Amino acid sequence: MHKKTDDIFAAPLREMIDFKFDERVVAVFPDMIQRSVPGYGMIISNIGILAAKYAQPGSHCYDLGCSLGAATLSMRQRIKQPECDIIAVDNSPAMIERGRELLARDCVPTVPVTLLCADIKDVTIDNASVVVLNFTLQFIPPAQRLALIKRIHAGLKPGGILILSEKIAYSDPERQHFHVELHHDFKRANGYSDLEISQKRSALENVMVPETVACHQERLQEGGFSSSELWFQCFNFASMVAFK
Ligand SMILES: Nc1ncnc2c1ncn2[C@@H]1O[C@H](C[S@+](CC[C@H]([NH3+])C(=O)[O-])CC(=O)[O-])[C@@H](O)[C@H]1O
Ligand SMILES: O=C(O)C(=O)Cc1ccccc1
């Protein structure tokens, strides 16, 4: 299959519907995420670097909300510890189906990968050394986020890490405006029209809820993590690593 360009929001929509990770999105997802998230490629590469450092022998690494498995592939290429495996989870059947094909194609036989089509709220997390939430927590209703962070913390071994990447918000309206505008400029520079930007923004409004970095850091602390470090930020996109 050749690489498909994201034109999902290019034509005027008669009625606005909520954004869904369905077959149409899956078909264009690599293009969509690359053109929409500043630093996405760099974050994926560095998830591999972090996993290589923190994966422990005989432990599980989790990729929660794995989409097509980009973070899983990056970890699989880098992890050298013996007896490690990766458990990659997504609740979109279309994502998991396509992710399975891509994983099979990129065959490095070293680190076994289990792909699960499930809600991350129902997945047992245990004996974990590395847990990845790469732009997934933002799709979990805010009231359910602390419980998930607590379960991740409880499932991590001592010395384990959580890598948390998110679209972020600012409590100061001027700073919020500054970052959102720059993100829209980034999307425009990557070929999205004003109509595409505004229609996608409306479609995401009810399904994706960004929070401030301070809010994430407080929740990580409340969830039991001893410290967290903001290791990447570009405009309103950030990635943190939290230590058990
Ligand atoms: N409750 C849930 N349970 C399981 N999966 C979920 C849930 N809610 C949303 N998802 C899944 O989380 C993914 C979010 S995309 C992650 C990118 C990937 N991490 C990447 O590194 O390329 C981010 C984005 O598109 O902005 C989608 O595949 C959803 O189906
Ligand atoms: O496109 C956006 O505006 C985003 O916030 C990022 C994104 C990327 C892919 C799916 C959903 C949101």
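None of these values were measured; they are calculated from a predicted model. All ligand and atom numbering here is 1-based and tracks the order in the structure.
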A.B. asks: Considering only the protein, which heavy-atom contact is closest to atom 4 (C) of ligand 1, and what is its distance?
C.D. replies: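 For atom 4 (C) of ligand 1, the nearest protein heavy atom comes out as N91 N, 3.2 Å.
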
A.B. asks: Under 4.0 Å from a heavy atom of M208: give me the atoms of ligand 2 that qualify, with their elements.
C.D. replies: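 So the answer, numbered in order with elements, is 5 (O).
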
A.B. asks: Looking at atom 3 (O) of ligand 2, what's its closest protein heavy atom, distance included?
C.D. replies: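 Protein heavy atom with the smallest distance to atom 3 (O) of ligand 2: K187 NZ, 2.9 Å.
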
A.B. asks: For atom 6 (C) of ligand 2, grab the closest protein heavy atom and report residue, atom and distance to one decimal in Å.
C.D. replies: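 Answer for atom 6 (C) of ligand 2: V37 CG2, 3.8 Å.
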
A.B. asks: Do any heavy atoms of I43 fall under 4.0 Å from ligand 1?
C.D. replies: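 In this structure, I43 fails to qualify as a contact of ligand 1 - no heavy atom is under 4.0 Å.
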
A.B. asks: Would you tell me which option among C66, S67, P141, A70 has the nearest heavy-atom contact to atom 27 (C) of ligand 1?
C.D. replies: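 Heavy atom nearest to atom 27 (C) of ligand 1 belongs to S67.
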
A.B. asks: Where's the contact between I140 and ligand 1, heavy-atom distance under 4.0 Å: side chain, backbone, both or neither?
C.D. replies: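 Side chain only.
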
A.B. asks: Between F21 and F139 (judged by ring centroids, cut-off 6.0 Å), do the two rings come close enough to count as a pair?
C.D. replies: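 Ring-ring flag for F21/F139: true, centres closer than 6.0 Å.
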
A.B. asks: If the cut-off is 4.0 Å to any non-hydrogen atom of H183, which atoms of ligand 2 fall inside it?
C.D. replies: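 Close to H183: 2 (C), 3 (O).
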
A.B. asks: Within the structure, does G65 bring an N/O atom to less than 3.5 angstrom of an N/O atom in ligand 1?
C.D. replies: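 There is such a contact, yes.
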
A.B. asks: Is K167 in contact with ligand 1, taking contact as a heavy-atom separation below 4.0 Å?
C.D. replies: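 In this structure, K167 fails to qualify as a contact of ligand 1 - no heavy atom is under 4.0 Å.
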
A.B. asks: So which of M32, E166, Q138 gets nearest to atom 26 (O) of ligand 1, if we judge by its closest heavy atom?
C.D. replies: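 Closest candidate by heavy-atom distance is Q138.
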
A.B. asks: Which residue supplies the protein heavy atom nearest to atom 21 (O) of ligand 1, what is that atom called, and how far is it?
C.D. replies: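 It is N134 ND2, 2.9 Å.
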
A.B. asks: Ring of F29, cation from R98 - is the NZ or CZ under 6.0 Å from the centre and inside 45° of the axis?
C.D. replies: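 Negative - R98 is either too far from the ring of F29 or too far off its axis.
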
A.B. asks: Of the protein's non-hydrogen atoms, which lies at the shortest distance from atom 5 (O) of ligand 2, and what is that distance?
C.D. replies: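 Scanning the protein heavy atoms, the shortest distance from atom 5 (O) of ligand 2 goes to K167 NZ, 2.8 Å.
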
A.B. asks: Just checking, is any N or O donor in the side chain of D85 or H60 under 3.5 Å from an acceptor N or O on the other one?
C.D. replies: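 H60 and D85 do have a side-chain donor-acceptor pair below 3.5 Å.
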
A.B. asks: Under 4.0 Å, heavy atoms only, figure out whether ligand 1 is touched by the backbone of I44, its side chain, both or neither.
C.D. replies: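 I44 to ligand 1: side-chain contact only, backbone stays beyond 4.0 Å.
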
A.B. asks: Out of Y40, F19, F139, indicate the one that has the non-hydrogen atom closest to atom 20 (C) of ligand 1.
C.D. replies: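 Of the listed residues, Y40 has the closest heavy atom.
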
A.B. asks: In the protein, which heavy atom is nearest to atom 9 (C) of ligand 2, and how far is it?
C.D. replies: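 For atom 9 (C) of ligand 2, the nearest protein heavy atom comes out as K200 NZ, 3.5 Å.
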
A.B. asks: With a 4.5 Å limit on heavy-atom distance, are the side chains of F237 and F135 in contact?
C.D. replies: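 SC-SC contact between F237 and F135 confirmed.
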
A.B. asks: Side chain, backbone, both or neither: which part of V25 has a heavy atom under 4.0 Å from ligand 2?
C.D. replies: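 Near ligand 2, V25 shows nothing, with every heavy atom at 4.0 Å or more.
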
A.B. asks: Determine, using heavy atoms of A118 and all atoms of ligand 1, whether some pair is separated by less than 4.0 Å.
C.D. replies: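 The answer is yes: ligand 1 sits under 4.0 Å from a heavy atom of A118.
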
A.B. asks: Hey, does P112 have a side-chain heavy atom less than 4.5 Å from the side chain of I86?
C.D. replies: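 Side chain of I86 against side chain of P112, heavy atoms only: no contact under 4.5 Å found.
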
A.B. asks: Is F135 close enough to touch ligand 2? Criterion: a residue heavy atom under 4.0 Å from a ligand atom.
C.D. replies: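 No, F135 has no heavy atom closer than 4.0 Å to ligand 2.
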
